[in-house]
Amino acid sequence: MLPGDYRTLAEMDADLIDCRACPRLVAWRELVAREKRAAFRDQTYWGRPVPGIGPADARLLLVGLAPAAHGGNRTGRMFTGDRSGDVLFAAMHAVGLANQPTAVSRDDGLRLIGTRVTAPVHCAPPDNKPTPAERDTCGHWLITELGLLAPTVRAVITLGGFGWQALLPMLARAGWAVPTPRPKFGHGVHYSLPPARPDRQPLELFGCYHVSQQNTFTGRLTPAMIEDVLVRAKTAAGL
């Protein structure tokens with residue numbers, strides 16, 4: 001289907017998980033799924049593109065980078081089964097955006113409240129570094145996702161600078177006015193984006209350092225810092 005042909009997120013996600021558009025990413029995600037990490041050798045890895053998680057009428061959207069090789073690429077759910085997810089979902093639970101603080105598998109009962117989590121790249125990349133071409137090839141999924149969420153979404157949090165740089169042109173293509181020069185990423189920054197189409201509503205954009213182990217283990221990003229951004233965005237989204 002063409003991006004504009006999808007009527008629901010579920011319909012889009014059904015096609016997304018079968019995508020094979022980026023040969024390097026396909027080869028890597030499937031290699032990891034075959035070789036596995038020793039701690040997970042008895043598990044069947046997902047090894048496919050990972051769709052977003054959360055309700056189709058979400059008012060708040062969180063945008064990360066890409067699935068982790070032994071996290072989302074293993075479990076089939078964004079930020080699930082790795083330490084980044086441990087930090088993120090604990091913070092979301094603390095501020096009332098998730099029904100539980102842990103996320104270990106697709107069937108663990110996690111439910112997000114008024115919030116969806118997605119990424120500009122849906123396959124695990126080598127070294128956690130998708131190429132600009134892979135980012136651009138995958139971008140139509142996020143543009144479509146933004147369009148389908150447009151009736152309800154009122155705020156977006158971008159986790160990390162890569163996601164920020166990827167998201168801004170996609171927001172422009174999805175119907176919001178992104179100023180020139182583009183807003184700069186930083187932890188805690190907040191920008192208001194006016195609609196560029198009559199069927200869009202104003203969107204509040206927030207930046208947050210990525211919940212990577214490098215950031216959380218060194219103290220560059222603390223639970224309190226994450227929760228602060230989540231609370232501000234939750235309020236802006238009307239949740």
Side-chain angles (χ1 to χ4, degrees), residues 1-6 9 12-13 15-16 19-25 49-54 56 58-67 72 78-79 115-212 229 233 236-237:
M1 288 186 182
L2 296 172
D5 292 339
Y6 293 106
L9 285 170
M12 185 197 80
D13 288 344
D15 276 0
L16 183 153
C19 183
R20 301 183 67 84
C22 299
R24 188 183 78 115
L25 297 188
V50 181
I53 171 180
R59 297 184 65 87
L60 173 61
L61 181 67
L62 272 67
V63 179
L65 190 163
M78 287 288 177
F79 284 106
T115 306
R116 185 170 171 90
V117 176
T118 191
V121 176
H122 286 273
C123 290
D127 300 318
N128 289 322
K129 294 179 180 179
T131 66
E134 290 163 350
R135 174 201 64 200
D136 294 343
T137 298
C138 200
H140 72 94
W141 296 114
L142 182 52
I143 293 167
T144 300
E145 191 168 16
L146 287 163
L148 291 169
L149 288 169
T152 58
V153 71
R154 297 295 178 266
V156 179
I157 298 175
T158 304
L159 301 172
F162 179 94
W164 183 272
Q165 294 301 323
L167 177 65
L168 289 177
M170 295 178 192
L171 285 170
R173 290 181 62 185
W176 283 275
V178 176
T180 302
R182 290 176 180 169
K184 292 183 178 180
F185 174 77
H187 181 80
V189 298
H190 171 212
Y191 299 91
S192 296
L193 302 182
R197 290 170 40 172
D199 59 345
R200 299 294 188 255
Q201 298 294 321
L203 192 66
E204 304 304 315
L205 176 64
F206 295 83
C208 178
Y209 289 149
H210 196 278
V211 286
S212 65
V229 176

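All values reported here derive from a predicted model rather than from experimental measurement.
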Q: Could you give me the CA-CA distance, side-chain angles and deciding distance for L205 and L167, then say whether side chain to side chain contact (heavy atoms under 4.5 Å, CB included) is met?
A: CA-CA 10 Å; L205 176 64; L167 177 65; 4.0 Å; yes

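- Between V178 and P183, the shortest heavy-atom distance links the atoms CG1-CD, 4.0 Å.
- Residues meeting the side-chain hydrogen bond (donor to acceptor under 3.5 Å, both in side chains) test with T137, sequence neighbours left out: none.
- P67 and N128 make their closest contact through O-OD1, 4.5 Å (heavy atoms, listed as atom of the first residue, atom of the second, distance).
- Closest of all the heavy-atom pairs between M78 and A119 is CE-CB, 3.7 Å.
- For the atom pair CZ (F206) and CG (L61), the distance works out to 13.0 Å, reported to the nearest 0.5 Å.
- In this structure, the side chains of L193 and P179 come closer than 4.5 Å at one or more pairs of heavy atoms.
- Taking OH of Y191 as the start and CG of L168 as the end, the distance is 9.5 Å to the nearest 0.5 Å.
- Applying the side chain to side chain contact (heavy atoms under 4.5 Å, CB included) criterion to A177, with sequence neighbours excluded, gives P194, A196.
- T118 is linked by a side-chain hydrogen bond (donor to acceptor under 3.5 Å, both in side chains) to E145, counting only residues two or more places apart in sequence or in another chain.
- Using a 4.5 Å heavy-atom threshold, the side chains of C19 and W141 count as touching.
- Summarising the geometry, atom OH belonging to Y6 is positioned 8.0 Å from atom CG belonging to L16; distances are rounded to the nearest 0.5 Å.
- Closest approach of F162 to P130, counting heavy atoms only: CZ-CG, 3.4 Å.
- Between the CG atom of L148 and the CG atom of D13 there is a distance of 9.5 Å, given to the nearest 0.5 Å.
- A distance of 11.0 Å separates NE2 of H122 from SG of C22, quoted to the nearest 0.5 Å.
- For residues 161-189, there are no side-chain hydrogen bond (donor to acceptor under 3.5 Å, both in side chains) pairs, not counting sequence neighbours.
- A side-chain hydrogen bond (donor to acceptor under 3.5 Å, both in side chains) check over residues 198-211, counting only residues at least two apart or in different chains, returns the pairs H190-E204, S192-E204, R197-D199.
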Identify every side-chain donor-acceptor pair in residues 150-158 under 3.5 Å, counting partners at least two apart or on other chains, and give the distances.
| residue | atom | partner | partner atom | Å |
| --- | --- | --- | --- | --- |
| T152 | OG1 | D57 | O | 3.4 |
| T152 | OG1 | A58 | O | 2.8 |
| T152 | OG1 | L149 | O | 3.3 |
| R154 | NH1 | T152 | O | 3.4 |
| R154 | NH2 | P151 | O | 3.1 |

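- Taking CG from L25 and CZ from R20, the interatomic distance works out to 11.5 Å, rounded to the nearest 0.5 Å.
- The side-chain contact (heavy atoms from CB on, under 4.5 Å) test with V117 singles out one residue from L62, L60, V63, and that residue is L62.
- Taking both residues in full, the closest heavy atoms of K129 and R24 are given as O-NH2, 3.1 Å, listed atom of the first, atom of the second, then distance.
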